[in-house]
*Asks:* 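Please read through the structure below; I'll follow up with questions.
Keep in mind that what you see is a predicted model, and the values were worked out from it rather than measured.
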Amino acid sequence: MGDNNRIYAVAAFAAGVILTLGFKGFYPDIERRFLWRRGSNARAAARSTTDRQVQLEDHTLQARGDNGPHIPEGIEACIGNTPLFKIKSLSEATGCEILAKAEFLNGAGGSPKDRVALSMIQLAEEEGLLTPHAGDVVYEGTVGSTGISLATLCRARGYLAHICMPNDQATEKSDLLLKLGAEVERLRPAPIVDQNQFVNKARARAEEHTADSSRPGRGFFADQFENGANWRAHFTGTGPEIYRQTGGRVDAFVAGAGTGGTISGVALYLKPRLPDMKVVLADPQGSGLFNRVKYGVMFDPKEREGTRRRHQVDTIVEGIGINRVTQNFEAGRDLVDDAVRVNDEQAKAMARWLVEKDGIFVGSSSSVNCVAAVRTALELGPGHRVVTILCDSGARHLSKFWAKAGSIGGKANTKLEDVLNVGPTEDTI
């Protein structure tokens, strides 16, 4: 091969290599364009079915360097801000809006006593009466709900709980307390003048603990009946929440009273802002608070010698009703406008109604509140708004209140007058 031919061959080979390399770099782009066009129709079809499911995300918090929404810390942060909802069946039957504050959804002990227990513990810590993880024990006399809240929060904050309660309360409560690690002392029901009455016993146990140098820590008597941290928990929490959730429109607030903290705290917050609002006490049979509000006298017909069957309050209702004056109730008593007496039969009938009509399963005190809310609504007339409290789940009342209330079955034909007119009249209870 001549020199010229050899040069031409080398040049052709080099050109081939360059051309091949050029196509190698350019081909993937051609391939991508081809595949994109081939898939465009499929993507268009997919978009037509998913466009409505696309959700835009706001990344402005991350762009500012924030960590996103605040995460509550500990079970204590799950207390408060409970929902307020309309009880449909009672609202339709009365022509009023009957709204329920779902306090059974508080995240620690599942009742409004979560607010109270946390408030009492925090105040004691501020005053140096409790020190976390130092062996301190919180003592309390309670029929159940406050004890459950205290037992839960004591564990969360580094304390133990010792609960004294009457032995005629639903066994579910003492069983739950034991599972929460509380020490439980069940006592015979007795009047407040008896040193073995459950509140007095809790006070004595706290004093014994503090005086015993061989025991670690101190004893703290929570004293829910007289401790002002009780009503203040509702003044700073429940009351403002109701005001906000209703947009400041409430015609009546209805609640029962055991310690009296809920009705006093809410009344003290709402009344100055809503002076025309009525505050109504819901009181079970056997309690003296009805007459305290209506007539200024702490007396009940069941108090007459030979007529009382039980040592405290002659009712199957637990958690509300009392026959002595407490500082928490007296804190707001002047703001309570009226009282409604509810007998046991009405409470049981209302509990069944709420399940039958609305699927709401609550305990005895909530049922009393709802009967009183209905009576208040009927007195006010259609178009008004009545707010009440749903305290705790019916699951805590299976062995006592619900055992007497009975099963619902398949019925759905109860009338409201059947609920209101059952049982003895007000004058006989």
*Asks:* What is the distance from atom CD of Glu207 to atom OG1 of Thr210, rounded to the nearest 0.5 Å?
*Replies:*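 Answer rounded to 0.5 Å: 8.0 Å.
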*Asks:* Between Phe220 and Arg218, is there a cation-pi geometry (under 6.0 Å to ring centre, at most 45° from the normal)?
*Replies:*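 Geometry flag: not set, cation outside 6.0 Å or 45°.
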*Asks:* Would you compute the distance between atom CG of Leu105 and atom OG of Ser393 and round it to the nearest 0.5 angstrom?
*Replies:*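 Rounded to the nearest 0.5 Å, the CG-OG separation comes to 9.5 Å.
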*Asks:* Specify the closest pair of heavy atoms between Asn230 and Gly261, including all atoms of both residues, with the distance to one decimal.
*Replies:*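 In this case the closest contact between Asn230 and Gly261 is OD1-CA, 3.2 Å.
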*Asks:* Give the intermediate values and the outcome of salt bridge (charged side-chain N to carboxylate O under 4.0 Å, His left out) for residues Glu92 and Lys357.
*Replies:* CA-CA 11 Å; Glu92 292 168 3; Lys357 306 290 187 181; over 6 Å; no
*Asks:* Check the surroundings of atom CD in Glu73: do more than 12 heavy atoms from other residues, nucleotides or ligands lie under 6.0 Å from it?
*Replies:*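 For Glu73, atom CD is not crowded (no more than 12 foreign heavy atoms under 6.0 Å).
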*Asks:* Got Leu390 and Cys370 here, is their nearest side-chain heavy-atom distance under 4.5 Å?
*Replies:*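 A side-chain contact exists here, since the closest heavy-atom pair is under 4.5 Å.
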*Asks:* Please identify which of these residues, Lys86, His384, Arg385, meets the side chain to side chain donor-acceptor pair (under 3.5 Å) condition with Glu97.
*Replies:*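 With Glu97 as partner, Lys86, His384, Arg385 yield a single side chain to side chain donor-acceptor pair (under 3.5 Å), made by Arg385.
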*Asks:* When rounded to the nearest 0.5 angstrom, what distance separates CD1 in Ile192 from CG in Asn200?
*Replies:*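 Answer rounded to 0.5 Å: 4.5 Å.
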*Asks:* Side chains of Gln169 and Ser174: do they bring a donor and an acceptor to under 3.5 Å?
*Replies:*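 The answer is no; no qualifying pair exists.
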*Asks:* How far does CG of Leu150 sit from CG of Leu118, to the nearest 0.5 angstrom?
*Replies:*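 One gets 10.0 Å once the value is rounded to the nearest 0.5 Å.
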*Asks:* For a quick test of reading the model, state the closest non-hydrogen atom pair linking Met165 to Thr142 and the distance between them.
*Replies:*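 What the structure gives for the nearest pair is CB-O, 2.9 Å.
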*Asks:* With Phe361, which residues qualify under ring-ring contact (aromatic ring centres under 6.0 Å, His included), at least two apart?
*Replies:*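 For Phe361 the ring-ring contact (aromatic ring centres under 6.0 Å, His included) partners, ignoring immediate neighbours, are Trp402.
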*Asks:* Are the side chain of Ser364 and the backbone of Glu318 linked by a donor-acceptor contact shorter than 3.5 Å?
*Replies:*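 Side chain of Ser364 to backbone of Glu318: a pair is present.
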*Asks:* Write down the atom of Leu177, the atom of Ala151, and the distance for their closest heavy-atom approach.
*Replies:*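 Scanning both residues, the minimum pair turns out to be CD2-CB, 4.0 Å.
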*Asks:* If you take all heavy atoms of Asp338 and Lys294, which pair is closest and at what distance?
*Replies:*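 In this case the closest contact between Asp338 and Lys294 is OD1-NZ, 3.0 Å.
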*Asks:* Where do Phe401 and Ile316 come nearest, in terms of heavy atoms and distance?
*Replies:*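 That would be CD1-CD1, 3.7 Å.
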*Asks:* Quick one: pull up CG in Asn106 and SG in Cys78 and give me the separation to the nearest 0.5 Å.
*Replies:*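 One gets 10.0 Å once the value is rounded to the nearest 0.5 Å.
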*Asks:* Tell me the closest heavy-atom pair linking Gln224 and Glu140, and the distance in Å.
*Replies:*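 Heavy-atom minimum between the residues: N-OE2, 2.8 Å.
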*Asks:* Using a 4.5 Å cut-off on heavy atoms from C-beta on, say whether the side chain of Asp251 contacts that of Val386.
*Replies:*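 Side-chain contact under 4.5 Å: no.
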*Asks:* Excluding sequence neighbours, so at least two apart, what forms ring-ring contact (aromatic ring centres under 6.0 Å, His included) with Tyr139?
*Replies:*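 Expected list: His162, His209.
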*Asks:* For Lys201 and Glu185, run salt bridge (charged side-chain N to carboxylate O under 4.0 Å, His left out): C-alpha distance rounded to whole Å, both residues' side-chain angles, the deciding distance at 0.1 Å, then the answer.
*Replies:* CA-CA 9 Å; Lys201 182 62 73 173; Glu185 207 172 339; 5.1 Å; no
*Asks:* Answer with yes or no whether the side chains of Arg115 and Thr238 bring together a donor and an acceptor at under 3.5 Å.
*Replies:*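 Arg115 and Thr238 do have a side-chain donor-acceptor pair below 3.5 Å.
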*Asks:* Give every residue pair that meets the side-chain hydrogen bond (donor to acceptor under 3.5 Å, both in side chains) criterion with at least one member in residues 328-337, sequence neighbours excluded.
*Replies:*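 For residues 328-337: Lys271-Asp337, Arg292-Glu330, Glu330-Arg333.
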*Asks:* For the side chain of Asp194 and the backbone of Pro189, is there at least one donor-acceptor N/O pair under 3.5 Å apart?
*Replies:*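 Checked: no pair found.
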*Asks:* Output, in order, the C-alpha distance, side-chain angles, deciding distance and verdict of salt bridge (charged side-chain N to carboxylate O under 4.0 Å, His left out) for Arg203 and Glu226.
*Replies:* CA-CA 12 Å; Arg203 180 187 291 106; Glu226 312 302 331; over 6 Å; no
